[in-house]
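Step one of this worksheet: look at the structure below.
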Amino acid sequence: MTMPSPTIQPELAQKFTDVFGDAGRAWIAGFPAMFERLREQWDIADVGETYGYVGYAWVAPVTLRDGTKAVLKAAPADKEYATEYEAMRLYAGDGAARLIAGDPDAVAILLERIEPGTTLAELDDDVSATEIAGLAMRRLFRPLPAGHGFPTVERWGLAFGRFRAANNGTSGGFPAELFDPAERIYAELTASQDTAVLLHGDLHHWNILRAEREPWLVIDPKGVAGEPAYEVCALLRNRTGIEPDARKLAERRIAQLSDILEVDARRLTLWAFAAGVLSAIWYFEDHGVLRDENVELVQALLPAIRAL
């Protein structure tokens, strides 16, 4: 007997079509059949409402027939989700949600459900939140397996050249005062990296959840190869509006993370700027707009970057 197919939120459907085009529309059309196959394959007895936060994957709580509480995550075919599966496998539940199962053909994974699951973003004390995040980063660094298939931060940085090529050698509609120094700094940093390790790649406040098995557990890794200093970037560009002075907030966080990770604060600052612009470029490529929140951190750091 089939259970009713769960729905895809309109906002998520729009993101899938914006990013994947016809492939995204085809995935949406095929979702009911795919869900039914996964239900049978993983013995899913019940599915709850999708989570309120809408990222770039369909995510909902499920309960297996043996009573196991889990989370089902599925998305259109993309290398990012294949590397998420491999990163979760390598973490093996140490500091992160446990991987229960994965289906590379469907680009779907079944994960331990973290409860209560409130995020680090709900912690009012930013100093404590930054410490928790920094310790999570340090704990999750892993040696890269031989012959690994994880993307590298160098490969991610190819977006600068791709964007220029699409805009006749210019930064197009993207502010040149941010694009130009970020492109140069990103290239310099990748050329002078420390030994690369497995990084989460998107370790921000909403990907660190309060748990029962441990105080905090991490979800949603991108899985990327790069030096440890790169890992701070996602955290630094999130929750930048909690204090009136975004630059002062960033400098305090960077000093704290520098101590925890034992990485030079100057290098963290440079990475935060360059990778922050890269993140804004990705959003611009996908959606054709540049939101203030995408560049709040890099604009705050620009005076410090010019002074370095």
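- For Asp43, the salt bridge (Lys or Arg N to Asp or Glu O under 4.0 Å) partners at least two apart in sequence or on another chain are Arg65.
- Scored by the salt bridge (Lys or Arg N to Asp or Glu O under 4.0 Å) test, Asp18 finds no partners at all (sequence neighbours excluded).
- Scanning for side chain to side chain contact (heavy atoms under 4.5 Å, CB included) contacts around Asp286 gives Val19, with sequence neighbours left out.
- Phe284 is linked by a side chain to side chain contact (heavy atoms under 4.5 Å, CB included) to Phe163, Phe174, Leu290, counting only residues two or more places apart in sequence or in another chain.
- Listed by chain and number, the residues in a ring-ring contact (aromatic ring centres under 6.0 Å, His included) with Tyr91 amount to none (sequence neighbours excluded).
- Trp206 and Val218 fall into different hydrophobic clusters, where Ile, Leu, Val, Met, Phe, Trp and Tyr side chains are chained together by heavy-atom contacts under 4.5 Å.
- In this view, Phe16 and Trp27 satisfy the ring-ring contact (aromatic ring centres under 6.0 Å, His included) rule, not counting sequence neighbours.
- Looking only at distances, a side-chain donor or acceptor of Thr190 sits under 3.5 Å from a matching main-chain atom of Ala187.
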- Task: Would you sort out whether Thr50 and Gln9 count as a side-chain hydrogen bond (donor to acceptor under 3.5 Å, both in side chains), showing the intermediate values?
- Result: CA-CA 8 Å; Thr50 52; Gln9 310 98 304; 3.3 Å; yes

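- For Arg37, the side-chain hydrogen bond (donor to acceptor under 3.5 Å, both in side chains) test picks out Gln41, Asp103, with sequence neighbours left out.
- Checked by atom type, the side-chain pair Thr170/Asn168 shows no donor-acceptor distance below 3.5 Å.
- For Arg306, the salt bridge (Lys or Arg N to Asp or Glu O under 4.0 Å) criterion is met by no residue, not counting sequence neighbours.
- The ring-ring contact (aromatic ring centres under 6.0 Å, His included) test applied to Trp271 returns Tyr186, Tyr230, not counting sequence neighbours.
- Qualifying salt bridge (Lys or Arg N to Asp or Glu O under 4.0 Å) partners for Lys73, counting only residues two or more places apart in sequence or in other chains: Glu84, Asp220.
- The cationic group of Arg291 lies under 6.0 Å from the six-membered ring centre of Tyr283 and within 45° of the ring axis, placing it in a cation-pi geometry.
- Here the side chains of Leu235 and Arg253 are not in contact, with every heavy-atom distance at 4.5 Å or above.
- The other members of the hydrophobic cluster of Ile114, by chain and number, are Leu209, Leu217, Ile219 (side-chain heavy atoms under 4.5 Å, ILVMFWY only).
- Taking the side chain to side chain contact (heavy atoms under 4.5 Å, CB included) definition, one finds that Thr63 meets it with Asp46, Arg113, sequence neighbours left out.
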